[in-house]
Amino acid sequence: MRTDIRRIAFAYLRLSNEEAAEGESSSIKNQRMIIQDYCERNEILLVRVFVDDGWSGGNFDRPAFQEMIALLEQGKANIVITKDLSRLGRDMREASYYAEQYFPEHGIRYLTVADNFDTEHENVMAPFQFAMNEVYLRDGSRKVKEVLKAKREKGLYCACAPYGYVKDPRNKNRLVPDEETAPIIRRIFEAASNGDSSRKIATVSCLP
């Protein structure tokens with residue numbers, strides 16, 4: 001069977017760190033396999049796969065996604081395929097904009113394999129799908145905050161290490177002094193205890 005050269009597709013795959021912990025069903029490998037199989041069955045020429053692994057669906061400034069958009073504007077493909085709408089993104093407004101406005105206005109067909117969204121057809125359930133994807137995003141954010149709160153209440157450190165400290169290699173929730181920068185921190189505290197101004201401390205502390 002001959003592939004219609006006009007049906008040139010990009011595949012877009014995305015997986016957040018939180019979703020990766022849930023198992024294989026949404027994995028990058030699984031998404032790729034599903035889309036490749038779909039293209040083979042429907043005589044679509046898949047020319048490039050874009051992957052944002054470890055990126056939240058609420059962030060549309062993902063590097064692979066933005067690279068794909070730039071190439072689409074150059075006319076490199078006329079179809080974009082994702083496993084489902086949530087792979088495009090979970091922010092309801094942004095996902096809806098790209099799926100229902102941006103792609104059609106640029107002559108790009110956008111379709112999903114798992115939930116049958118296709119810009120060439122009417123998508124009466126799309127508003128509900130976009131809304132449910134955002135609910136998942138917000139619920140995930142709430143759960144992360146709850147986990148961090150529980151860790152802090154147990155005295156565990158959950159943020160980036162401040163200047164002068166590093167995370168303990170044996171326990172990432174514990175800080176230990178950084179041997180390289182600790183002398184500077186001591187010098188700052190000594191200067192402060194001697195009554196030096198903040199300006200003077202900043203100047204002197206930068207000196208070797």
A.B. asks: Grab the two heavy atoms, one from L85 and one from Q129, that are nearest each other, plus how far apart they are.
C.D. replies: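 Closest approach of L85 to Q129, heavy atoms only: CD1-OE1, 3.5 Å.
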A.B. asks: Tell me the closest heavy-atom pair linking S16 and S56, and the distance in Å.
C.D. replies: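 Shortest heavy-atom contact: CB-CA, 4.1 Å.
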A.B. asks: Atom CD in E105, atom CD in E100: separation rounded to 0.5 Å?
C.D. replies: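 That separation rounds to 11.5 Å.
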A.B. asks: So, for F50 and L71, which heavy atoms are closest and what is the spacing to 0.1 Å?
C.D. replies: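 Here F50 and L71 meet closest at CZ-CD1, 3.7 Å.
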A.B. asks: Answer with yes or no whether the hydrophobic clustering places Y97 together with I69; edges join I, L, V, M, F, W, Y residues whose side-chain heavy atoms lie under 4.5 Å apart.
C.D. replies: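 Yes.
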A.B. asks: As an exercise, state the distance from CD of Q36 to CZ of R41, rounded to the nearest 0.5 Å.
C.D. replies: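 Nearest 0.5 Å value for the CD-CZ distance: 12.5 Å.
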A.B. asks: So, does D52 use its side chain to make a donor-acceptor pair with the main chain of A64 at under 3.5 Å?
C.D. replies: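 Answer holds: yes.
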A.B. asks: Let's go through R32 and V49 carefully: what are the C-alpha distance in whole Å and the side-chain angles of both, what is the deciding distance for side chain to side chain contact (heavy atoms under 4.5 Å, CB included) to 0.1 Å, and is it a yes or a no?
C.D. replies: CA-CA 8 Å; R32 188 189 302 269; V49 177; 3.6 Å; yes
A.B. asks: Is the ring pair Y98/F65 parallel, tilted or perpendicular, if the boundaries are 30 and 60 degrees?
C.D. replies: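 Ring orientation, 0 to 90° scale: perpendicular.
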A.B. asks: Kindly indicate whether the side chain of Y102, heavy atoms from C-beta on, has any atom under 4.5 Å from the side chain of E94.
C.D. replies: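 Of all side-chain heavy-atom pairs linking E94 with Y102, none is under 4.5 Å.
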A.B. asks: Treating Ile, Leu, Val, Met, Phe, Trp and Tyr as nodes and any side-chain heavy-atom pair under 4.5 angstrom as an edge, say whether W55 and L88 lie in one connected cluster.
C.D. replies: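 No, because W55 and L88 fall into different hydrophobic clusters, even though each may have its own neighbours under 4.5 Å.
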A.B. asks: Does the side chain of N30 reach to within under 4.5 Å of the side chain of K83, using non-hydrogen atoms?
C.D. replies: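 They are in contact (side-chain heavy atoms under 4.5 Å apart), so the answer is yes.
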A.B. asks: So which atom in A95 and which in F60 form the shortest heavy-atom distance, rounded to 0.1 Å?
C.D. replies: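 Taking every non-hydrogen atom into account, N-CZ, 3.6 Å.
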A.B. asks: With a 4.5 Å cut-off on side-chain heavy-atom distances among I, L, V, M, F, W and Y, is there a chain of contacts connecting M33 to I81?
C.D. replies: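 No, because M33 and I81 fall into different hydrophobic clusters, even though each may have its own neighbours under 4.5 Å.
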A.B. asks: Can you name the one residue among I108, L111, I8 that meets side-chain contact (heavy atoms from CB on, under 4.5 Å) with I79?
C.D. replies: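 Going through I108, L111, I8 one by one, the side-chain contact (heavy atoms from CB on, under 4.5 Å) with I79 is satisfied by L111 alone.
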A.B. asks: For residues A77 and A9, report the shortest heavy-atom separation together with the two atoms involved.
C.D. replies: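 For A77 versus A9, the nearest heavy atoms are CB-C, 4.2 Å.
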A.B. asks: Which residue, I35, N42, D37, forms the side-chain contact (heavy atoms from CB on, under 4.5 Å) with C39?
C.D. replies: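 For C39, the side-chain contact (heavy atoms from CB on, under 4.5 Å) check succeeds only for I35.
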A.B. asks: Would you say E179 has more than 12 foreign heavy atoms packed within less than 6.0 Å of its CD?
C.D. replies: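 Result for CD/E179: open.
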A.B. asks: Donor-acceptor check, side chain of R87 to backbone of L13, threshold 3.5 angstrom: yes or no?
C.D. replies: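 Such a contact is absent between R87 side chain and L13 backbone.
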A.B. asks: Do T82 and F117 have side chains that approach each other closer than 4.5 Å (heavy atoms only, starting at C-beta)?
C.D. replies: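 Answer no - side chains too far apart.
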A.B. asks: Counting C-beta onward and ignoring hydrogens, is there a side-chain heavy-atom pair between R109 and T119 closer than 4.5 Å?
C.D. replies: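 Side-chain contact under 4.5 Å: yes.
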A.B. asks: Between the main-chain N or O of E190 and the side-chain N or O of S193, is there a donor-acceptor pair closer than 3.5 Å?
C.D. replies: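 Looks like yes, one N/O pair under 3.5 Å.
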A.B. asks: Above 12 or not: heavy atoms from other molecules or residues under 6.0 Å from CD of E180?
C.D. replies: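 12 or below, so no.
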A.B. asks: What distance do L72 atom CG and E67 atom CD have between them, rounded to the nearest 0.5 Å?
C.D. replies: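 Output value for this atom pair is 10.5 Å.
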A.B. asks: Among R48, Q31, R62, find the residue that satisfies the side chain to side chain donor-acceptor pair (under 3.5 Å) test when tested with Y12.
C.D. replies: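 Result for side chain to side chain donor-acceptor pair (under 3.5 Å) with Y12: R62.
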